[in-house]
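Keep in mind that the numbers below use all heavy atoms, side chains included, and drop hydrogens, waters and symmetry copies. Please read these numbers as outputs of a predicted model, since none were measured by experiment. Order of listing sets the numbers, starting from 1, for every ligand and every atom in it.
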Amino acid sequence: MPIRVLPEEVAAQIAAGEVVERPASVVKELLENALDAGSSAVHIEVRDSGRRLIRVSDDGWGIPADQIGVAFHRYSTSKLASVADLEAIGTLGFRGEALASIASVSRVTMVSRPAGSDAGASVRLEAGRIISRETVGAPRGTMVGVENLFYNVPARLKFLRSVLTERRHIDAVVSRYALAYPAVRFRLVHDGRQVLQTSGSGSVRDVLITVFGLDAARQMVEVGPGEDANGWTEVQSTEPDIADRPLSLVHVSGYTSDPALHRANRNQITLFINGRWVQDSGLGYAIVQAYHTLLMTGRYPISMIQVRLPPDQVDVNVHPTKAEVRFRDKDTVFDAVQRTVRRALLSARPVRPVAVPGLRDTGGWTVTGDQTVHAALAALRPAAFVQPAMVLPGRSPGLVQPNGTPATAADDATGTGRAPLLLRVIGQLGASYVVAEGPTGMVLIDQHAAHERVLYERYMAERQEGVVTQALLVVIPVDLTPERAALVEEHLPHLERLGFYVEPFGGSTLMVRGVPALLGGCNPEKVLQAVADDLEQGDTPLESQLEDRLIARVCKTAAVKAGHVMTMPEMVALIRQLEQCKSPHTCPHGRPTMIEMSAEQLARRFERI
Ligand code: ADP
Ligand code: MG
C-alpha cells in the first residue's frame, strides 16, 4: 500500500480514541470544562449509562455565539496561548482536544449563553461536523448534550462493559470531583433518578457524608494542612541537582479513613494534584505506607488527598486524558504526602465504638463544617460523666484543665501531640479483656493486642540505638527441622540486630544465648520457632521490611495471651504502657486494641434517654 495521509475523519477518530475511552471519560471532560468556566452548579444527566445520553449543564461564563463553532475544532482552546504557558497551567483543560474528540464519535448539541448577552447560541454536530446552528433563549451558562456515543465506532461500542460497570465509572468521576470541589453544587441523575446531590457549602465533610454515608464519613480523619499559617509545608529537595535551588512548597490536605475503615483494593484512594484528578500509583503508595502497622496487609484506606504545589513543579502535559503527571522532584512530594497522612492518623486516634445490636446512636449527630468528628464527639460528652476519679494522679498539669476536667485531644498542650487516654482499670473479663473506664464511657481492651502494641513500639524505639540483649543464665538448645535451622542460620545477622544471640550447635540444633531484654520472661524456644515460621513464608521482602516483620512476629509471640489471668497491678501497668504508645488503638497487625461503649450508648441501652 502506498503511504497516504489519512482522511480527516479517520484521523479524528483515532485521536478521539485517546481522550474518550468510555462514557465516564466524556463526563470527566465536560465536568472539567464546566469547572474551568467558573461554575457554581453543575448538573449531570445520564441515560443508559451514557450510551444514549450524557448531558452536562453549568452556570459558568459561557461561550460567545461567534466562538461556539471554533470550540469544536481540534486544538482550539481559550486556556493557553503559547508554549511558555504550559509551565504554569491553572486550568484543568489546555489541550483543546476534548470537544473535538467527543464530537467526532457522537451526536453533540451545545447551547451556551455568556453573562452579557440576551440570547444563547445552539449548535448541533454529527461525527464532528456542524449540521445546524440557531439563536435560542437559554439560561446563563453552557449545556453540552452527547447522544449515541460511539455510534460510528462499532469497535469501541463492543468494548464497553456492562451497564452497571460504566455507570460505576461515571459515579466515581462525579463523586470525586464533588469531593475536590466542595464549593460547587453537583447533581447527578441516572435515567431520571437522582443519585447524588451536594450542597456546594464548601465543606468537604458534607460531601464525604453524601458520597460515603454518615457512618464512613465519621471515620474519616482530616489530613493536613501543613506547617505554616496558610497550610503549606516547606520542603527541601533531596535530589542533588535540585537541592541547591530554592525550597519548594507542598500543600497536602484532605481526608483519610481511620484504620478501622478499610477496603480490599486501592480504588478508593483518590489523589488530586493542583485540582486535577490523577492516577499516580507512586503517591497512592505513599498513602498506603502512611498506614504502616495500622492496617493489615492487603487492606487499603479510603482517602481523598489534595496536593498543591507550584505549577512549574509538575508537568501535566503527559497524556491526552491528563490523568498522569510528572513531578520535578517526586521523592519530596512522596515524602510530604506520607508524612502528612501519617501525622493525621497518629494524632486522631479515635476509640472504636462498640456496635450494639438494635441500637443506632444517631442521637444528636450533626457533623458540620471542618470540625472533626472527634471534636464533635467531645462536644457531645455529657459533662456530668467526667468524674474527678478519672483524672489520674501523677499526670502532668498540662493535661488537666484548671476546673479538673481531663483535657481533650484538642486541648493537649504538651507539645507531644498525644492525648492522654485516661483509663481507670476496673477488672478483667474472660481472662482476655481488661475492662476500664475512660472519659467517654466504658472501654474494653484486648490484653493480647494491647501488649503486642506496647512491645512493638518499645522494640522499634530501642532498635534506633541498638536493642539491649539479656544474656540467659542457662543456654537453651532449640531443635528445628534441618530446613528451618538452615533458614534461621542464614538470617543470624538479622536476629543479632534484633537482640537475639543464637549460635548453630551442629545438626539442626541452635543454641539461644541471649534474648532482647524488653521481651522479659518470654519463652526463647517459642520465639525462635515463630521466627522460623516467619522466614518460611517464602516471600523475601526487602531487608528493612524483613526486620520489621520479624519484630511484629516476635512481639506477637511474646505478648500475653488471651486466657491468661492478670493481676490488678499487671493490668494497670499494661494500660499505662499502652497510654504511652504512639498508636495505642491498633496492634501492629492492624487489629483494634480497644473498643468503647459511650456513656450515651449505655444511657440509651438502659432507656434513660
Ligand atoms: P480545553 O478544555 O482543553 O480548552 P475543550 O475541547 O474541552 O478544550 O474545550 C474547548 C474550549 O471550549 C475551551 O477552551 C473553552 O473556551 C470552551 N468551553 C468548553 N466547554 C465550556 C463550558 N462548559 N463553558 C465555557 N466554555 C467552554
Ligand atoms: Mg476541556
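Residue contacts with ligand 1, taken as heavy atom pairs separated by less than 4.0 Å, involve Thr77 via backbone and side-chain atoms alike.
With hydrogens left out, the protein atom closest to atom 16 (O) of ligand 1 is Ser78 OG, 2.5 Å, a heavy atom. Looking at atom 6 (O) of ligand 1, its nearest protein heavy atom turns out to be Leu99 N, 2.9 Å.
Taking the charged nitrogens against the carboxylate oxygens, Arg185 and Asp59 have no contact shorter than 4.0 Å, which rules out a salt bridge. By the 4.0 Å N-to-carboxylate-O rule, Glu222 lies too far from Arg205 to be salt-bridged with it.
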Going through the checks in order, is the salt bridge (Lys or Arg N to Asp or Glu O under 4.0 Å) test met by Arg47 and Glu45? CA-CA 7 Å; Arg47 286 192 188 278; Glu45 195 188 331; 3.2 Å; yes

Before you tell me yes or no, could you show the steps for Thr586 and Ser583 under side chain to side chain donor-acceptor pair (under 3.5 Å), namely the whole-Å CA-CA distance, both residues' side-chain angles and the distance that decides it to 0.1 Å? CA-CA 6 Å; Thr586 52; Ser583 313; 5.6 Å; no

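Numbered from 1 in the order shown, with element, the atoms of ligand 1 that lie under 4.0 Å from a heavy atom of Gly93 read 2 (O), 3 (O). Atoms of ligand 1 found under 4.0 Å from any heavy atom of Ala37, numbered from 1 in the order shown, are 24 (N), 25 (C). Proximity to Ala71 (heavy-atom distance under 4.0 Å) selects the following atoms of ligand 1: 10 (C), 12 (O). Below 4.0 Å from some heavy atom of Ser76 lie the following atoms of ligand 1, by number and element: 10 (C). Counting atoms of ligand 1 from 1 in the listed order, those under 4.0 Å from a heavy atom of Phe94 are 1 (P), 3 (O). Heavy-atom proximity to Ile63, at under 4.0 Å, picks out these atoms of ligand 1: 17 (C), 18 (N), 25 (C), 26 (N), 27 (C).
In terms of polar-atom proximity, defined here as any N/O pair under 3.5 Å, Asp58 does make such a contact with ligand 1. Considering backbone and side-chain atoms alike, Ala98 places an N or O below 3.5 Å from some N or O of ligand 1. Looking at Asn33 next to ligand 1, an N or O pair under 3.5 Å apart turns up. Inclusion of Met110 in the set of residues having an N or O under 3.5 Å from an N or O of ligand 1 is not warranted.
Heavy-atom distances between Lys79 and ligand 1 reach below 4.0 Å in at least one pair.
In summary, the side chains of Thr198 and Asp206 do not present any donor paired with an acceptor at a separation below 3.5 Å, with no hydrogens or angles considered. In summary, the side chains of Glu32 and Tyr177 do present a donor paired with an acceptor at a separation below 3.5 Å, with no hydrogens or angles considered.
Summarising the geometry, atom CZ belonging to Arg52 is positioned 7.5 Å from atom CG belonging to Asp191; distances are rounded to the nearest 0.5 Å.
Relative to the ring axis of Tyr151, Arg107 places its NZ or CZ within 45° and under 6.0 Å from the centre.
Taking 2.8 Å as the threshold, Asn33 counts as a candidate ligand of the Mg ion (ligand 2), since one of its N, O or S atoms lies below it.
When Gly141, Ser101, Gly96 are ranked by how near their heavy atoms come to atom 8 (O) of ligand 1, first place goes to Gly96.
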